[in-house]
**Student:** 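What follows is a single structure, and I will ask about it in a moment.
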Amino acid sequence: MDTAYVAVTVMTAVANLFSACLDFARHERVVAAMRRGLVPLSWMVPLGVLKAAGALGLLVGFAFPVVGTVSAGALVLFFVGAVVVHLRARYHEFGILGVFLTLAVATLAVDLIRRLA
């Protein structure tokens, strides 16, 4: 298995599992960001579930590659949606969001390159 694929995939999975845990715990910084983004706090658990599912799908992708590819694509769409929500709320701080989107895009890109090579 390609080292870059494994490294990027594991980093993305760990980051998203950590983020999901922060959502489940209603961490104060996440709550503040949700409020600034005009996202209802009732969405925290469902959004955390989506992040956790995406992260677990990436890990399952080591055994079933199509699951990993679909999960990486879903995480890209998730974070593109988060960017749209930020823009609509005129909330232009993309620091950590940019990191998560970049990780998801990198995982999808490395996965597709590996699969097509």
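We use all heavy atoms of the structure for the numbers below, so side chains are in, but hydrogens, waters and symmetry mates are not.
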**Student:** With a 3.5 Å distance limit and no angle check, can you tell me whether Thr9 reaches the backbone of Leu58 through a side-chain donor-acceptor pair?
**Tutor:** no
**Student:** Side-chain atoms of residues 81-89: list all donor-acceptor pairs with protein atoms under 3.5 Å, sequence neighbours left out, distances to 0.1 Å.
**Tutor:**
{"residue": "His86", "atom": "ND1", "partner": "Ala82", "partner atom": "O", "Å": "2.9"}

**Student:** Cluster question for you: counting only ILVMFWY and a side-chain heavy-atom cut-off of under 4.5 Å, with indirect links fine, are Val8 and Ile113 together?
**Tutor:** no
**Student:** Can you find a heavy atom in the side chain of Leu41 that is under 4.5 Å from one in the side chain of Met44?
**Tutor:** yes
**Student:** Restricting to non-hydrogen atoms, name the atom on Ala55 and the atom on Leu17 that form the minimum distance, rounded to 0.1 Å.
**Tutor:** CB-CG, 3.6 Å
**Student:** Can you name the one residue among Val10, Thr12, Leu112 that meets side-chain contact (heavy atoms from CB on, under 4.5 Å) with Thr107?
**Tutor:** Thr12
**Student:** Are Leu56 and Val45 linked, directly or through other ILVMFWY residues, by side chains that come within less than 4.5 angstrom of each other?
**Tutor:** no
**Student:** Closest heavy-atom contact between Ala15 and Leu103?
**Tutor:** CB-CD1, 3.9 Å
**Student:** For residues Gly48 and Ala20, report the shortest heavy-atom separation together with the two atoms involved.
**Tutor:** O-CB, 3.3 Å
**Student:** Can you tell me how far CZ of Arg29 sits from CD1 of Ile96, rounded to the nearest 0.5 angstrom?
**Tutor:** 9.5 Å
**Student:** Between CG of Leu101 and CG of Leu75, what distance do you get to the nearest 0.5 Å?
**Tutor:** 10.0 Å
**Student:** What is the distance from atom CZ of Arg115 to atom CG of Asp2, rounded to the nearest 0.5 Å?
**Tutor:** 13.5 Å
**Student:** More than 12 heavy atoms of other residues, nucleotides or ligands under 6.0 Å from CZ of Arg36: yes or no?
**Tutor:** yes
**Student:** Output the distance between atom NE2 (His27) and atom CE (Met34), rounded to the nearest 0.5 Å.
**Tutor:** 14.0 Å
**Student:** When rounded to the nearest 0.5 angstrom, what is the spacing between NZ in Lys51 and CZ in Phe78?
**Tutor:** 5.0 Å
**Student:** For the atom pair CG (Leu108) and OG (Ser71), what is the distance rounded to the nearest 0.5 Å?
**Tutor:** 10.5 Å
**Student:** Would you kindly confirm whether Val14 and Val60 end up in one hydrophobic cluster when ILVMFWY residues are joined by side chain heavy atoms under 4.5 Å apart?
**Tutor:** no
**Student:** Indicate if Leu38 and Val31 have the same hydrophobic cluster label, given that clusters are the connected sets of ILVMFWY residues with side-chain heavy-atom separations under 4.5 angstrom.
**Tutor:** no
**Student:** Can you give me the closest heavy-atom contact between Tyr5 and Asp111, atom names plus distance?
**Tutor:** CE1-OD1, 3.6 Å
**Student:** Are Val39 and Val80 grouped together when hydrophobic residues (ILVMFWY) are joined by side-chain heavy atoms under 4.5 angstrom apart?
**Tutor:** yes
**Student:** Sort and list the pairs that fulfil ring pair (Phe, Tyr, Trp, His ring centres under 6.0 Å) and have at least one residue in residues 96-117, not counting sequence neighbours.
**Tutor:** Phe79-Phe100
